Amino acid sequence: MERTDSFLDALNGVQLRAATHPPNSTLQILAGPGSGKTRVLTSRIAHLILNCHIPPAAICAVTFTNKAANEMRERLTKLLGKTQVAQLKMGTFHSLCARFLRKYSKLVDVPENFTVCDASESKKIVATHLKTFEKDLKAHNLEPGTVTSIISKAKAKRLSADGYLDDAKSKAHYRGPTGTESPPTPDIIVGEVYVLYEATLRQNNALDFDDLLVFGVKLFSGHHLTVGWCRHILVDEFQDTNVTQYDLMRAIANSVRCITIVGDPDQSIYGWRAAEVENLAKMKRDFPETVQIFLEENYRSTGAILEASLEIVSQDSKRIAKSLYTAHPDGIAPVLYQVNGEQEEASFIAIEVKRLVAQMGGAFKWGDFAILLRFNALSRTIENALQKEGIPCRILGGHKFFERLEVKDVLAYLQLLDNPAFVPALLRVINVPGRGIGEKTLADILQRAEKAQKSPLALLEGIFDMRVPDNKPSIRKKILSFIQAIRKLRKSAESGTGPSDLINELLDLVEYQDHLRKTQPDWETRWENVRELITFAKEVEEQSVRDNAALALNEDESSLNIEMSALRQFLQVSMLSSTGDNESEESNQEKVTITTCHSAKGLEWPVVIIPSVDATTYPFIRSEDEDEERRLLYVACTRAKSLLYLTRSTTRRVAGDTKSRALSKFIQTIMEKRAKENKIPLFIDHIPHLELENRAILCKVLERPEPDEAEVQRMVDAFTRQGREHPPGIPWTPPGQAQANAYSNWSYPQSFPSSSSTGDSTSVSYPMTSFGRPAIAQFGRAVAPSPSSFTPTAEFRHPGQGVSFSRPSLVQPLPTVTTVPALSHTSHLALAKPAPIVAPLFKSPFSSTTLRVSPPRPIKPPQVPARPSPTSSLSIARPASGSRHTSTQSIIPSKPRSQILQSGGNRLTAAIQQPRPNPSIKEPPVPLPKPSSSHSAPPAAKTTAEVTTPPPQNGSLKRRLGMGPRTAGGYSNKKFKPPTK
DNA sequence: TCCAGCATCATTTTT
DNA sequence: TGATGCTGGA
Ligand SMILES: Nc1ncnc2c1ncn2[C@@H]1O[C@H](COP(=O)(O)OP(=O)(O)OP(=O)(O)O)[C@@H](O)[C@H]1O
């Protein structure tokens with residue numbers, strides 16, 4: 001390291017060491033979620049360039065998604081400036097390969113105008129070939145989707161079609177007697193289809209997603225000159241790379257052997273796609289000089305969120321224990337909110353989001369919330385609920401927009417211009433708009449083309465030119481307009497017309513709008529999608545002009561600034577990008593994000609909500625790898641900075657009647673474990689109160705200014721006026737206990753009191769706050785409990801299991817009334833003992849030969865000074881998981897009650913452990929802030945309008961997301977037909 | 001060739 | 001519940 005720059009100042013000791021590790025080496029940075037891996041990677045790139053004077057063009061940075069690449073590019077631009085950043089070889093493995101393959105296509109025998117074949121086209125090709133094996137198929141139940149994914153996995157492992165087939169055959173031989181005519185094994189069929197599929201792709205001059213990598217390896221390992229530029233390669237999310245990607249990395253780093261990877265085995269969630277965590281070990285074997293650095297301080301989440309997350313992932317028996325801790329306060333306990341009914345679950349989410357925004361008095365915006373789903377289809381009810389509450393949302397990830405029928409139609413025309421051999425495109429558009437060409441005619445054409453060894457399009461052009469005889473029922477008349485259109489467009493494209501203008505021309509030529517109007521009931525929306533595609537095309541054109549401008553100054557041999565037609569560039573980007581890749585638009589910051597757990601990887605939000613945490617979803621019922629599912633939930637939970645909610649419905653509706661559904665075992669297990677150990681539950685079962693002190697903590701963790709009290713009041717008033725009530729929550733109870741009676745026997749003092757003793761779990765007869773929840777003290781978790789405050793004495797018999805438990809006798813006697821303001825370090829400083837700083841365990845989690853870097857400095861001053869009190873006095877360092885003696889603190893707030901009540905506005909008292917609620921507390925002693933008289937008679941309409949007005953989702957959003965009124969996941973609704981064709 | 005209507009099935013994750 | 005696939009008639 002030659003000098004320290006400001007961007008290095010933002011790193012802690014270990015991070016700094018990782019970022020400035022000597023460039024001529026191989027380095028693994030292994031660390032848990034939120035430990036700053038991405039930040040380190042970014043800083044390291046800047047360091048390599050600014051301090052080690054490695055030219056940016058000599059650096060290859062690989063990210064997992066385009067979105068991640070864009071974000072990194074943005075951050076680096078601030079440090080390095082546009083010109084430097086533009087020279088970096090940065091992107092996903094796929095996009096990098098695609099760019100290099102364009103440049104060096106000839107070296108690997110690929111025509112430079114190859115088309116990237118998307119997944120659905122791949123599947124169609126596979127399906128066609130599968131049909132050949134129909135007879136055998138019945139026995140084996142092989143579906144196109146399955147076969148496609150097998151082929152994809154084979155490619156990810158660099159197993160060629162011939163190799164696969166040979167393997168399958170030799171295995172079959174092994175099993176069956178030789179020479180007999182035994183039916184082919186499923187493996188052999190897959191192998192045969194694989195061979196045919198490959199042949200088809202080559203014939204069509206197409207590469208599928210996996211081919212980009214396979215051919216990339218071929219290119220880089222066979223032609224060293226193509227990677228001569230590389231002086232350092234950095235790979236993010238390394239735990240989710242597959243064999244082919246590993247080989248790519250090695251090939252690119254071939255001569256220099258300078259590699260930096262970052263990853264976290266606990267976050268490997270793409271095993272289903274043939275990702276290999278093993279690559280970590282493999283790299284150590286291949287590069288024995290590899291140094292490992294571990295980051296163990298989490299900067300993202302509160303202690304409570306981190307603890308619950310670690311508890312989840314620790315259930316994996318094969319996992320190597322690791323240390324991860326945070327200096328943040330414990331904060332508010334994660335919430336497990338269970339309701340009866342999926343609609344109710346969705347509406348709970350919507351209402352709670354609204355409540356939080358109101359109670360935080362503007363410190364939270366819609367953009368601070370993320371709803372993370374196991375699969376896209378779950379978004380439906382939630383979107384509806386959000387819409388009903390007037391909450392704007394956006395759906396992130398996926399390829400939905402480009403899967404729309406109308407978008408695919410247009411793209412197919414363009415693909416055909418660029419690559420006339422690409423049959424899938426021809427098949428899609430030859431009868432769009434309807435030209436009376438059906439299956440029969442088409443089959444005929446294909447067959448003739450096959451015989452003539454020509455592409456079908458070439459054949460059609462031959463017929464058009466009357467160089468080739470027409471068919472019996474003339475096709476020439478039918479294809480007349482089609483060929484004319486294609487030729488016209490081709491001419492335009494050749495003369496340099498950009499994609500957006502080409503699309504416009506195309507729309508005119510084939511009267512596409514008319515076609516939509518005639519064939520689609522929702523043609524208007526679809527037409528808007530087409531317009532949106534034009535906008536997208538324009539953006540791509542402009543972007544590439546900018547890129548070229550930035551690169552023009554520094555022309556070098558290795559530049560990826562290759563001459564690629566704008567059309568080709570546009571098509572490539574369309575195939576490789578997904579929604580929200582480069583959306584830094586302001587408007588999207590103001591929307592609740594809905595996305596899958598998978599696409600949430602690497603991202604973070606102040607508030608994360610994970611719906612459907614039930615037994616059929618986590619682990620997903622059809623998944624093969626339970627541990628991976630658990631990790632997925634872990635990844636999802638660790639996206640949260642300050643608040644985490646898990647929700648689920650106790651029932652689901654299946655074909656009319658309702659069936660009950662259990663809680664996810666990942667959660668059930670740890671809840672039971674905690675109950676047995678008599679520790680504070682990791683999840684609370686009611687909504688947290690956000691009075692003054694909790695707000696302060698949230699703001700501190702998020703490094704935001706605290707909201708103005710008057711504003712809080714105003715927003716809460718407005719919310720209250722809407723009268724939105726949360727659907728009643730069903731408390732979690734240990735097994736063997738009747739739900740409703742749970743708390744008459746089971747006494748977690750901090751638990752939500754039983755709803756009633758009647759046994760009817762749905763009738764909540766508790767004093768309700770305006771928020772529809774009983775007023776309950778939020779138990780503090782912030783103060784590191786000093787072991788001495790924990791006095792395990794009282795024996796407690798668990799009625800369901802007849803097991804004895806020792807229960808901490810915290811607040812005697814039970815039933816208890818507790819008055820504890822939630823988790824404020826600041827308020828407790830006077831009372832709480834200085835928290836013991838527990839050094840993290842420094843067992844090497846990964847390998848004994850590992851270089852271990854000294855324990856992290858636990859404290860870093862916040863970048864935005866939030867409060868005068870230094871973080872140090874607030875921080876707790878503690879070992880990551882378990883082992884913490886928990887006890888509800890018996891600390892009584894130091895402030896007089898009235899003061900607290902005034903300041904927070906919420907009632908802080910009353911957690912009652914009685915079979916029946918005490919009538920005397922039916923009315924909360926201190927009501928929630930009501931529309932106070934001082935504010936009374938405001939232009940109510942206005943205020944309410946501000947919060948309630950459901951800004952009707954505008955078309956643009958829907959379009960971008962590829963949704964109509966209905967949504968992602970599956971195009972429901974008669975109006976929205978799937979883009980099938 | 002196209003479309004309406006009926007039967008069936010079953011809810012994954014993505015570059 | 002809602003989407004997808006198949007069939008038979010125009
Ligand atoms: N030294 C630091 N000081 C303050 N904040 C930090 C520091 N390092 C990282 N952070 C913050 O912590 C958060 C997580 O960082 P980052 O996304 O880089 O972590 P990560 O290890 O990549 O996480 P994940 O594995 O979950 O993707 C970010 O908000 C980042 O700004």
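Chain letters run A, B, ... following the sequence lines, proteins first and then strands; every chain starts at 1. Predicted, not measured: the structure shown is a model, and the values here were computed from it.
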Task: Toward the 5' end of DNA chain B, by each residue's nearest nucleotide, A:Gly438 or A:Leu632 - done: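 This one resolves to A:Gly438.
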Relative to the 5' end of DNA chain B, which residue comes earlier, A:Glu439 or A:Asn66, by the nucleotide with the nearest heavy atom?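 Its nearest nucleotide lies further toward 5', so the answer is A:Glu439.
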Taking [atom1] from [X] and [atom2] from [N], how many angstroms apart are they, rounded to a whole number?
X        : N      : atom1 : atom2 : value
A:Met575 : B:dT15 : CE    : C1'   : 11 Å
A:Glu143 : B:dT12 : CD    : C1'   : 14 Å
A:Arg435 : B:dC2  : CZ    : C1'   : 17 Å
A:Arg622 : B:dT11 : CZ    : P     : 6 Å
A:Leu396 : B:dT15 : CG    : C1'   : 15 Å
A:Asn384 : C:dT1  : CG    : C1'   : 13 Å
A:Asp210 : B:dT14 : CG    : P     : 15 Å
A:Arg639 : B:dT13 : CZ    : C1'   : 15 Å

Margin query: Side-chain N or O of A:Asn376 versus OP1/OP2 of B:dT13: is the shortest distance under 4.0 Å?
Written below: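 Checking B:dT13 against A:Asn376, a side-chain N or O does come within under 4.0 Å of OP1 or OP2.
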Look at A:Thr441 and B:dT1 and indicate whether a side-chain polar atom (N or O) is within less than 4.0 Å of OP1 or OP2.
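Yes, A:Thr441 has a side-chain N/O under 4.0 Å of OP1/OP2 on B:dT1.
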Next item on the list: Please check if any side-chain donor atom of A:Arg73 sits under 3.5 Å from a side-chain acceptor atom of A:Asn70, or the reverse.
Entry: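 Yes, A:Asn70 and A:Arg73 have a side-chain donor paired with an acceptor closer than 3.5 Å.
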For [X], which contact category applies under a 4.0 Å heavy-atom criterion: base, sugar-phosphate, or nothing?
X        : value
A:Thr617 : nothing
A:Glu628 : nothing
A:Ile437 : sugar-phosphate
A:Tyr270 : sugar-phosphate
A:Thr65  : sugar-phosphate

- Message: Is it the case that B:dT12 (base atoms only) and A:Arg374 (side chain only) share a donor and an acceptor within less than 3.5 Å, ignoring hydrogens and angles?
- Response: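 It does, because a donor-acceptor pair links the side chain of A:Arg374 to the base of B:dT12 below 3.5 Å.
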Of all the nucleotides listed ([options]), which has the minimum atom distance to the side chain of [X]?
X        : options                : value
A:Ser599 : B:dT15, B:dC2, B:dT14  : B:dT14
A:Ala119 : B:dT11, B:dT15, B:dT14 : B:dT15
A:Lys440 : B:dC2, B:dT11, B:dT1   : B:dT1

### Query
Within a strict 4.5 Å, meaning less than it, do heavy atoms of the A:Gln572 and A:Arg99 side chains meet?
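Answer yes - side chains close enough.
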I'd like to know if the side chain of A:Asn384 and the backbone of A:Thr381 have a donor-acceptor N/O pair within less than 3.5 Å.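 No: the side chain of A:Asn384 does not pair with the backbone of A:Thr381.
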| A:Thr115 side chain vs A:Cys117 backbone, donor-acceptor pair below 3.5 Å |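 Side chain of A:Thr115 to backbone of A:Cys117, a donor-acceptor pair under 3.5 Å: no, none is there.
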Practice problem: Measure the OG1-CD distance between A:Thr525 and A:Glu406 for me, rounded to the nearest 0.5 Å. | Solution: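 With rounding to 0.5 Å, OG1 (A:Thr525) is 8.5 Å from CD (A:Glu406).
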Given A:Tyr197, which partner from the list A:Thr148, A:Asp208, A:Thr128 fulfils the side-chain hydrogen bond (donor to acceptor under 3.5 Å, both in side chains) test?
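When side-chain hydrogen bond (donor to acceptor under 3.5 Å, both in side chains) is applied between A:Tyr197 and each of A:Thr148, A:Asp208, A:Thr128, only A:Asp208 qualifies.
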Tell me whether the ring of A:Phe375 lies stacked over the B:dT13 base, given a 5.5 Å limit on centroids and a 30° limit on the plane angle.
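No.
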